[in-house]
Q: 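Structure below; questions to follow.
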Amino acid sequence: MKKFLRSLIITSLGLFLGTAHLHAQTYPNKPVRVVVPFPAGGIVDILTRAVTEKVASNWGVPIIVEAKPGAGALIGTEAVANAPADGYTFLVATITTAVGPLINPQFKYDLRKDFAAVAMFATAPNIAVVPPSLPVSNMSELVELAKKNPGKFNYAHTGVGSTNHLPVEFLKFSRQLYIVPITYRGQPQAITDVLAGQIQLFMGAPALLVPHVKAGKLKAIAVTSSRRLEDTPQVQTLTESGFGDVQGGSGWFGIVAPAGTPPAILKRFNEEINAALKAPEVIERLRKAYAFPEGGTAEDFTKFLNDEGARWTKLVKEANLKIE
């Protein structure tokens with residue numbers, strides 16, 4: 001009986017592995033959907049398309065990038081968490097989806113538990129801008145002006161836990177400032193109001209903001225990168241300005257799948273993403289968006305998500321970050 005059971009188990013395992021291998025070989029055989037939980041035309045959408053269009057070209061199968069914005073990335077995240085784990089629906093994960101559950105009680109989905117990592121594909125800094133009419137030229141001057149005018153300034157962000165929400169909240173907490181947060185569905189909408197002078201501070205994507213800075217329509221006062229940007233060499237980094245302790249100003253972007261997605265499919269998509277990130281045209285598209293290609297294994301991204309979750313759990317608690 002023991003020999004029979006052992007033989008049955010080995011046979012079943014062989015059939016399972018054979019089926020998984022066959023599935024990976026024939027995958028994908030229909031369009032793949034990648035959900036961006038932010039508006040179309042924003043930086044996450046731009047970076048995602050730069051990579052997925054190359055993957056789709058290599059596959060010969062369309063990858064449909066679908067924007068599902070709203071509720072601080074919750075709507076798009078929920079849609080993918082509840083999708084079939086068949087390898088045809090993926091989510092673009094960002095720092096917002098990692099921090100959301102720690103700050104927003106409505107955000108029930110945890111990247112570490114409800115999703116399977118595929119690959120991180122890019123990282124990118126932000127640039128802080130103010131209207132030209134605001135009498136400041138750097139972050140220190142803005143902080144001093146805000147201290148003298150509590151509650152009179154506001155800042156734009158695109159969702160709780162986003163890279164334009166977290167750094168300003170850390171700035172407020174560490175420097176005892178009262179700046180009012182205003183939530184927008186996406187960066188393009190927020191930028192419109194900064195240009196109109198209705199918003200006094202916004203930390204957003206250089207790809208969307210630098211053209212306005214060069215045109216004199218916005219004033220840049222800091223960048224969140226470790227070094228100054230080539231296109232705005234006059235703008236100090238946060239560290240140079242004395243704000244190196246401010247966290248969350250630079251973004252990371254990766255692909256995750258609903259938990260339970262076959263490992264063979266995750267591996268196949270991971271390999272294709274890594275191949276795409278080596279293509280000169282993809283590297284150039286990311287460079288134009290002020291982003292850097294990343295890559296690595298699914299295991300690398302899983303470890304990153306676990307470390308990021310632990311790090312932000314500590315930081316959110318220390319800074320007492322919450323929805324206002």
Side-chain angles (χ1 to χ4, degrees), residues 20-21 23-24 27-28 32-38 43-45 47-52 54-56 58-59 63-66 68 72-74 76-102 107-124 161-163 248 250-278 282 286 291-315:
H21 179 68
H23 195 180
Y27 171 87
V32 172
R33 184 170 65 125
V34 175
V35 174
V36 172
F38 302 97
I43 188 62
V44 185
D45 182 67
L47 298 180
T48 301
R49 291 178 186 277
V51 178
T52 57
K54 180 62 176 177
V55 174
N58 291 342
W59 268 345
I63 295 181
I64 300 167
V65 177
E66 180 181 353
K68 276 188 170 296
L74 175 58
T77 302
E78 183 175 44
V80 177
N82 294 325
D86 58 2
Y88 288 92
T89 304
F90 296 87
L91 173 73
V92 179
T94 68
I95 194 172
T96 304
T97 43
V99 179
L102 305 174
F107 211 113
K108 307 294 185 183
Y109 303 95
D110 190 324
L111 287 179
R112 296 169 291 177
K113 299 176 183 178
D114 301 307
F115 296 90
V118 178
M120 183 193 295
F121 61 84
T123 54
S162 63
T163 56
S250 294
W252 52 262
F253 311 87
I255 301 289
V256 297
T261 299
I265 288 178
L266 300 179
K267 185 174 185 294
R268 176 82 195 280
F269 201 5
N270 172 277
E271 292 170 346
E272 291 292 345
I273 290 172
N274 277 282
L277 291 173
K278 294 176 183 177
V282 174
L286 294 179
F292 308 95
E294 291 297 332
T297 66
E299 291 74 20
D300 292 335
F301 192 29
T302 297
K303 183 180 184 303
F304 174 86
L305 292 176
N306 288 334
D307 291 346
E308 189 80 340
R311 183 172 79 95
W312 280 108
T313 297
K314 180 175 182 290
L315 290 172

Q: Quick check for you: to the nearest 0.5 Å, what is the distance between Ile273 atom CD1 and Lys278 atom NZ?
A: 13.0 Å
Q: Just verifying a value: how many Å separate Asp300 CG and Asn274 CG, rounded to the nearest 0.5 Å?
A: 9.0 Å
Q: Does this structure show an ion pair linking Lys303 with Asp307, if we count only N-O contacts that are shorter than 4.0 Å?
A: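 Salt bridge present between Lys303 and Asp307.
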Q: Could you state the interatomic distance from CG (Leu266) to OG1 (Thr302), rounded to the nearest 0.5 Å?
A: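 Here the interatomic distance stands at 9.0 Å.
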Q: Holding to side-chain hydrogen bond (donor to acceptor under 3.5 Å, both in side chains), I want the full list of residues that pass it with Lys54, two or more places apart in sequence or in another chain.
A: Glu281
Q: Quick one: OG1 on Thr48 to CZ on Phe253, what's the gap to the nearest 0.5 Å?
A: 8.0 Å
Q: To the nearest 0.5 Å, what is the distance between OG1 (Thr77) and CG (Asp114)?
A: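 One gets 10.0 Å once the value is rounded to the nearest 0.5 Å.
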Q: The criterion is side-chain hydrogen bond (donor to acceptor under 3.5 Å, both in side chains); which residues satisfy it with Ser162, sequence neighbours excluded?
A: Asn164
Q: Describe, in one word, how the ring planes of Phe301 and Phe304 are oriented to each other, choosing from parallel (under 30°), tilted (30 to 60°) and perpendicular (over 60°).
A: parallel
Q: Does the pair Thr97 and Phe115 meet the rule for a side chain to side chain contact (heavy atoms under 4.5 Å, CB included), with working shown?
A: CA-CA 11 Å; Thr97 43; Phe115 296 90; over 6 Å; no
Q: Run through Pro262, Pro28, Pro263 and flag the one making a side chain to side chain contact (heavy atoms under 4.5 Å, CB included) with Arg268.
A: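 Among Pro262, Pro28, Pro263, the one meeting side chain to side chain contact (heavy atoms under 4.5 Å, CB included) with Arg268 is Pro28.
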Q: Minimum heavy-atom separation for Thr297 to Asn270, with atom names?
A: C-ND2, 3.4 Å
